[in-house]
**Student:** 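Would you mind keeping the following structure in view while I ask a few things?
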Amino acid sequence: MTINVLIADDHHIVRRGLIFFLQTQKDIKIVGKAKNGQEAVELAAELQPDVILMDLVMPVMDGIEATQKIKERFPDIEIMILTSFSDQDHVIPAIEAGASGYQLKDIEPDDLATAIRKLADGENTLHPKATNLLMTRVNRMNTPNNLLSALTIREKEVLTEIAKGKSNKEIGADLNITEKTVKTHVSNIFMKLEVSDRTQAALYAIKNGFVKP
């Protein structure tokens, strides 16, 4: 299966470097490149990539706004933030905008390719610094636990697997259900827990003692 990737970064050298390396990966195809957030939004609509590598600080429209606009229109497109910033003023808004991945630009090339594959397969890929900031954020939230009681037994089983970082395919195999059924359960979990992605669902479960970190 080929993973179609769109690169959004205002630095020409960064775009060329990413393209040069990712073109060496047989299962990754670069379908487009954008030099600002507005172009990323337009190309996302035109090209419908599987994954977008999104810089945060760009002219015309920044990566956070672009991420939000893209996820609102195309929720199935996975977005990985690829940036130099690891502070909460960048990490938290990016995740809240809908990014499922957050990596720093000093990531090893092979690790980046692996992260792209995981993201395309439904796994969140967060740099440890981003994860720590999210955990701190969740620990400060006084979120009521009663939302978990609205989940069915099967949805609770799926949530447990999500918290373990498993993809939909892996969850389906473990619970002996189809991947399509898993996706339905995941959507129901998001709705009932009032979250927008797998990372927030997993952190909610950990925060409320449903699963251990």
**Student:** For the atom pair OH (Tyr102) and CZ (Phe85), what is the distance rounded to the nearest 0.5 Å?
**Tutor:** 8.5 Å
**Student:** Can you list the residues that meet the side chain to side chain donor-acceptor pair (under 3.5 Å) rule with Ser187, with sequence neighbours excluded?
**Tutor:** none
**Student:** Got a sec, which hydrophobics cluster with Leu112, joining ILVMFWY side chains under 4.5 Å apart, including via others?
**Tutor:** Ile3, Val5, Ile7, Val14, Leu18, Ile19, Phe21, Leu22, Ile28, Ile30, Val51, Leu53, Met80, Leu82, Ile107, Ile116, Leu119
**Student:** What residues form a side chain to side chain donor-acceptor pair (under 3.5 Å) with Ser196, not counting sequence neighbours?
**Tutor:** Gln200
**Student:** Dump the intermediate steps for side-chain contact (heavy atoms from CB on, under 4.5 Å) on Thr2 and Asp27, then the final yes or no.
**Tutor:** CA-CA 5 Å; Thr2 301; Asp27 58 339; 5.8 Å; no
**Student:** Mind checking whether Val60 and Asp10 have side chains closer than 4.5 Å, heavy atoms only?
**Tutor:** no
**Student:** Mind checking side-chain contact (heavy atoms from CB on, under 4.5 Å) for Lys192 and listing every partner two or more places apart, or none if nothing turns up?
**Tutor:** Ala150, Leu151, Thr152, Glu155
**Student:** Does anything in residues 49-64 form a salt bridge (Lys or Arg N to Asp or Glu O under 4.0 Å)? List the pairs, not counting sequence neighbours.
**Tutor:** Asp55-Lys105
**Student:** Enter the distance from Ile70:CD1 to Glu65:CD here, rounded to the nearest 0.5 Å.
**Tutor:** 10.5 Å
**Student:** Considering residues at least two apart in sequence or located in another chain, which fulfil the salt bridge (Lys or Arg N to Asp or Glu O under 4.0 Å) criterion with Asp111?
**Tutor:** none
**Student:** By the salt bridge (Lys or Arg N to Asp or Glu O under 4.0 Å) test, which pairs, at least two apart or in different chains, include something from residues 156-168?
**Tutor:** Arg154-Glu157, Glu161-Lys164, Glu161-Lys166, Lys166-Asp174
**Student:** Taking only residues at least two apart or on different chains, which pairs with a member in residues 70-83 satisfy side chain to side chain donor-acceptor pair (under 3.5 Å)?
**Tutor:** Glu78-Ser100
**Student:** Can you name the residues that form a salt bridge (Lys or Arg N to Asp or Glu O under 4.0 Å) with Lys35, not counting sequence neighbours?
**Tutor:** Glu39
**Student:** With side chain to side chain donor-acceptor pair (under 3.5 Å) as the criterion, how do Thr178 and Thr181 come out once you've worked through the C-alpha distance, each side chain's angles and the decisive distance to 0.1 Å?
**Tutor:** CA-CA 5 Å; Thr178 66; Thr181 300; 2.8 Å; yes
**Student:** Kindly give the heavy-atom pair with the smallest separation between Pro49 and Leu6, and that separation in Å.
**Tutor:** CG-CB, 3.9 Å
**Student:** Roughly how far apart are Leu56 CG and Met58 CE, rounded to 0.5 Å?
**Tutor:** 7.5 Å
**Student:** Applying side-chain contact (heavy atoms from CB on, under 4.5 Å) to Asn4 and Leu47, what does each step give before you reach the verdict?
**Tutor:** CA-CA 9 Å; Asn4 294 321; Leu47 302 172; over 6 Å; no
**Student:** Specify the closest pair of heavy atoms between Ala40 and Ala34, including all atoms of both residues, with the distance to one decimal.
**Tutor:** N-CB, 3.5 Å
**Student:** Tell me the closest heavy-atom pair linking Ala202 and Ala163, and the distance in Å.
**Tutor:** CB-CA, 3.8 Å
**Student:** Applying salt bridge (Lys or Arg N to Asp or Glu O under 4.0 Å), which residue pairs with at least one partner in residues 176-187 are found, sequence neighbours left out?
**Tutor:** none
**Student:** Between the main-chain N or O of Gly122 and the side-chain N or O of Arg198, is there a donor-acceptor pair closer than 3.5 Å?
**Tutor:** yes
**Student:** Check whether any side-chain N or O of Glu170 sits under 3.5 Å from a backbone N or O of Ser167 as a donor-acceptor pair, and report yes or no.
**Tutor:** yes
**Student:** State, to 0.1 Å, how close Ser86 and Leu104 come at their nearest heavy-atom pair, and which atoms those are.
**Tutor:** CB-CD2, 3.9 Å
**Student:** Sequence neighbours left out, what passes side chain to side chain donor-acceptor pair (under 3.5 Å) with Gln25? Give chain and number order.
**Tutor:** Arg117
**Student:** Roughly how far, to the nearest 0.5 Å, is the CZ atom of Phe74 from the CD1 atom of Ile52?
**Tutor:** 9.0 Å
**Student:** Rounded to the nearest 0.5 Å, how far does OH of Tyr204 lie from CG of Leu148?
**Tutor:** 5.0 Å
**Student:** Can you confirm whether Val186 sits close enough to Val158 that some side-chain heavy atom of one is under 4.5 Å from a side-chain heavy atom of the other?
**Tutor:** yes
**Student:** Name all residues meeting the side chain to side chain donor-acceptor pair (under 3.5 Å) criterion together with Glu42; count only those two or more places apart in sequence or in a different chain, and write none if there are none.
**Tutor:** Gln38
**Student:** So do the side chains of Met61 and Lys69 get within less than 4.5 Å of each other, counting heavy atoms only?
**Tutor:** yes
**Student:** What's the spacing between His127 NE2 and Ile81 CD1 if we round to 0.5 Å?
**Tutor:** 14.5 Å
**Student:** Looking only at non-hydrogen atoms, find the nearest pair between Ala201 and Ile189 and report the distance.
**Tutor:** CB-CG2, 4.5 Å
**Student:** Indicate yes or no: at least one non-hydrogen side-chain atom of Asp197 is less than 4.5 angstrom from one of Ile95.
**Tutor:** yes
**Student:** In terms of side-chain heavy atoms, does Asn188 have a donor or acceptor partner in His185 at a distance below 3.5 Å?
**Tutor:** no
